[in-house]
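Have a look at the structure below, then the notes.
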Amino acid sequence: MTGAATQENRINHVAIDPSAWDAAVLSCGGHLLQSWRWGTFKKRFGWQVERIAVACDGGFALAQVLFRKKAGMSIGYIPRGPVWPLGDPDSVGELWARVDEVARRRRTLAIILEPDQPLLDASLRDLALVPGPEPIQPARSVKVELLDDQSLMDQMHPKTRYNVRLALRRGVTTRVAEPLDGSIATFYQMLQDTASRNDFVVHAADYYREFLQVFADHACLTFAEVEGKPVAGAIAAVFGDEGIYMYGASSTQGRAHGAAFLLQHEMMRWARSRGARRYDLWGIPEYDPESSVSESGDRLAASTGNDRRGLYEFKTRFGGQIVHYPPPLERVYHPFLATLARNLYSPGNVG
């Protein structure tokens with residue numbers, strides 16, 4: 001077998017083998033949204049998935065591209081990708097040549113990408129990438145180092161540390177949900193309560209059930225309970241050495257017990273027990289609020305509509321570092337039609 005054939009076999013193996021794909025993504029520091037399981041999960045909700053890899057000196061450059069098809073055309077999306085070895089930006093050009101081939105075959109109007117790390121200016125020119133639409137994934141997040149128990153507490157803002165201890169004093173307990181059937185219904189009821197209170201849209205209940213089924217022992221649903229009654233719930237997952245808070249909810253009643261603070265603390269400990277070294281609290285507002293104090297002088301207890309001051313305060317006070325993601329980019333194949341396609345694919349459908 002020739003060297004070229006051997007290399008092609010290696011590429012094919014990575015593109016069809018879940019373990020090999022994830023190992024290649026992790027070797028480049030890639031994100032959960034480029035993991036094999038994320039692609040499998042999104043396939044269950046109408047997406048078509050292409051996993052594209054090219055070999056390079058540092059291993060592989062990869063892109064998991066999600067496609068939506070409508071009226072014989074498609075639009076592509078690369079969440080938190082592409083992925084390539086650090087120090088080898090040239091591999092992105094080789095990878096994109098393969099992406100273009102797939103795009104032509106799928107009659108793609110445009111591909112939106114939200115990189116996990118910045119592309120060099122030269123890459124932007126060579127690949128004809130232009131500024132994309134508004135972010136689909138969060139533009140910023142907070143990542144907490146998963147230290148020992150005492151250090152986890154010490155790095156918190158005093159008010160957050162107080163709320164964790166308040167929950168313990170008031171008898172709040174946490175429980176990993178097993179089995180999931182009835183637990184999903186409980187979580188979804190709280191999620192609908194949260195969405196109504198804070199003015200955001202949620203998926204159908206099956207979305208969260210399928211996520212937990214696909215990620216299996218790499219994810220968990222945990223409840224915080226007061227006198228045996230769930231008052232807050234969170235779904236988190238681990239990919240490599242990173243735990244990620246994916247979805248969360250709380251009941252309108254019972255929130256004053258500090259349950260949400262204790263719950264996040266326990267989710268961090270769960271992620272650490274699965275080998276994670278940091279915990280991604282997932283998303284905060286794109287810009288720092290001028291103040292997270294209401295006009296009355298009280299701390300905000302919730303976030304509503306575009307006012308996310310309460311969310312910002314809650315997440316930033318666990319002691320993590322704020323992470324900025326590069327802005328979305330776009331590879332446009334048919335400019336006029338791609339503009340029309342923006343009306344067909346809302347961020348809620350693409351995310």
Side-chain angles (χ1 to χ4, degrees), residues 11 15 21 24-25 28-35 38-39 42 47-70 73-141 283 286 323-351:
I11 292 171
W21 177 270
V25 171
C28 301
H31 194 274
L32 177 143
L33 299 192
Q34 284 291 297
S35 72
W38 185 257
K42 299 305 283 187
W47 291 91
Q48 297 175 344
V49 180
E50 291 273 3
R51 298 182 178 96
I52 305 166
V54 298
C56 54
D57 291 341
F60 295 93
L62 312 105
Q64 178 167 254
V65 191
L66 310 179
F67 287 95
R68 282 282 198 191
K69 187 175 181 180
K70 195 162 188 175
M73 310 297 284
S74 71
I75 191 165
Y77 176 49
I78 307 177
R80 296 288 185 251
V83 180
W84 70 92
L86 294 177
D88 189 9
D90 292 340
S91 61
V92 179
E94 299 174 32
L95 175 66
W96 208 265
R98 293 286 187 98
V99 172
D100 284 343
E101 292 175 10
V102 173
R104 284 192 291 270
R105 173 164 51 82
R106 287 184 170 272
R107 302 182 68 193
T108 302
L109 303 177
I111 293 180
I112 299 167
L113 57 153
E114 291 191 281
D116 197 36
Q117 52 185 310
L119 277 72
L120 298 179
D121 290 343
S123 297
L124 302 184
R125 291 194 303 271
D126 295 343
L127 303 178
L129 296 173
V130 299
E134 289 297 308
I136 298 163
Q137 306 301 333
R140 298 196 305 170
S141 189
E286 189 170 359
V323 176
H324 300 254
Y325 291 104
L329 298 167
E330 193 168 18
R331 176 81 155 102
V332 179
Y333 298 98
H334 301 282
F336 176 70
L337 293 176
T339 301
L340 293 178
R342 291 281 183 85
N343 297 322
L344 300 178
Y345 302 92
S346 68
N349 291 331
V350 176

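- For residues 107-120, no residue pair satisfies the salt bridge (Lys or Arg N to Asp or Glu O under 4.0 Å) rule, not counting sequence neighbours.
- Here the CG atom belonging to Leu66 is positioned 12.0 Å from the CD1 atom belonging to Ile75, to the nearest 0.5 angstrom.
- Considering only residues two or more places apart in sequence or on other chains, Arg331 meets the salt bridge (charged side-chain N to carboxylate O under 4.0 Å, His left out) condition with Asp100.
- Atom-to-atom distance recorded for Leu62:CG and Ile78:CD1 is 11.0 Å, nearest 0.5 angstrom.
- Every side chain to side chain donor-acceptor pair (under 3.5 Å) that Arg51 has, sequence neighbours left out, goes to Gln64.
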Verdict with supporting geometry, Val65 and Val102, side-chain contact (heavy atoms from CB on, under 4.5 Å): CA-CA 10 Å; Val65 191; Val102 173; over 6 Å; no
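- With sequence neighbours excluded, no residue satisfies side chain to side chain donor-acceptor pair (under 3.5 Å) with Gln34.
- Pro115 pairs by the side chain to side chain contact (heavy atoms under 4.5 Å, CB included) definition with Leu113, Leu119, Pro326, Leu329, not counting sequence neighbours.
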Extract all donor-acceptor atom pairs below 3.5 Å that involve side chains of residues 79-86 and protein atoms in other chains or at least two apart in sequence.
unit_1	atom_1	unit_2	atom_2	d
Arg80	NH2	Pro138	O	2.8

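- For Pro327, there are no side chain to side chain contact (heavy atoms under 4.5 Å, CB included) partners two or more places apart in sequence or in a different chain.
- Between Gly93 and Leu127, the closest heavy-atom pair is CA-CD2, 3.9 Å.
- Put simply, CD1 on Ile112 and CD on Glu134 are 11.5 Å apart, with the number rounded to the nearest 0.5 Å.
- Partners of Glu101 according to the side chain to side chain contact (heavy atoms under 4.5 Å, CB included) rule, which considers only residues two or more places apart in sequence or in another chain, are Arg98, Arg104.
- Residue Ala53 comes nearest to Trp21 through the heavy atom pair CB-CZ3, 4.4 Å, listed as atom of the first residue, atom of the second, then distance.
- Considering only residues two or more places apart in sequence or on other chains, Thr108 meets the side chain to side chain donor-acceptor pair (under 3.5 Å) condition with Ser74.
- A search for side chain to side chain contact (heavy atoms under 4.5 Å, CB included) contacts involving Gln48 returns Phe67, Arg106, not counting sequence neighbours.
- A perpendicular orientation is assigned to the rings of Tyr325 and His31, their planes being inclined by more than 60° (bins at 30° and 60°).
- We find the OG-CZ distance between Ser91 and Phe60 to be 11.5 Å, quoted to the nearest 0.5 Å.
- Partners of Arg105 by salt bridge (charged side-chain N to carboxylate O under 4.0 Å, His left out), not counting sequence neighbours, listed by chain and number: Glu50.
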